[in-house]
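All values derive from a computational prediction rather than experimental measurement. FYI, the numbering just counts along the sequence from 1.
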Amino acid sequence: MGLGLPVVSSPVGDAGRVVVNGVTGFHAHDAKQWQEALFALACCPELRRSMGHAGRQRAEYDYSYQAWAPKIASTLRRLLTART
């Protein structure tokens, strides 16, 4: 997603939460769904583009350094304040 590409994944663990089915990519529960998802992406450049764009936005908003740095800094400040 960070590369602006759509994703097909098994919705297991974090992949089920990170990939938004039908928006940033597809969840595939079995071989048939994998085939269908890959075929849909192979046949539709606009779908690849829109899902890739949505995935990139999600990666930037939720998982980038810019998204996490303020949260980490805030946590470190709280920990340092609590110690004193």
If the condition is side chain to side chain contact (heavy atoms under 4.5 Å, CB included), which residues does [X] pass it with, not counting sequence neighbours?
X: Arg56; value: Glu60
X: Gln66; value: Ser64
X: Arg58; value: Met1, Val20, Thr24, Asp62, Tyr63

Report, one line per pair, each donor and acceptor closer than 3.5 Å where one atom sits in a side chain of residues 26-40; sequence neighbours left out.
{"unit_1": "His27", "atom_1": "NE2", "unit_2": "Val19", "atom_2": "O", "d": "2.8"}
{"unit_1": "Asp30", "atom_1": "OD1", "unit_2": "Lys32", "atom_2": "N", "d": "3.2"}
{"unit_1": "Asp30", "atom_1": "OD1", "unit_2": "Gln33", "atom_2": "N", "d": "2.8"}
{"unit_1": "Gln33", "atom_1": "OE1", "unit_2": "His29", "atom_2": "N", "d": "2.5"}

Using modelled atom types and a 3.5 Å cut-off, is there a donor and acceptor pairing between side-chain atoms of Thr81 and backbone atoms of Arg77?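 Here the side-chain-to-backbone pair exists.
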Looking at every heavy atom in both Ser10 and Ala15, which two are closest together, and how far apart are they?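 What the structure gives for the nearest pair is O-CB, 3.5 Å.
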Pairs flagged by side chain to side chain donor-acceptor pair (under 3.5 Å) wherever residues 40-52 is involved - sequence neighbours left out: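 Residue pairs with at least one partner in residues 40-52: Glu46-Arg49.
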Starting from Leu3 and following side-chain heavy-atom contacts under 4.5 Å between hydrophobic residues (I, L, V, M, F, W, Y), which residues can be reached?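 Direct or chained contacts put Leu3 with Leu5.
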Hey, could you give me each pair passing salt bridge (charged side-chain N to carboxylate O under 4.0 Å, His left out) that has a residue in residues 2-24? Not counting sequence neighbours.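 The answer is Asp14-Arg17.
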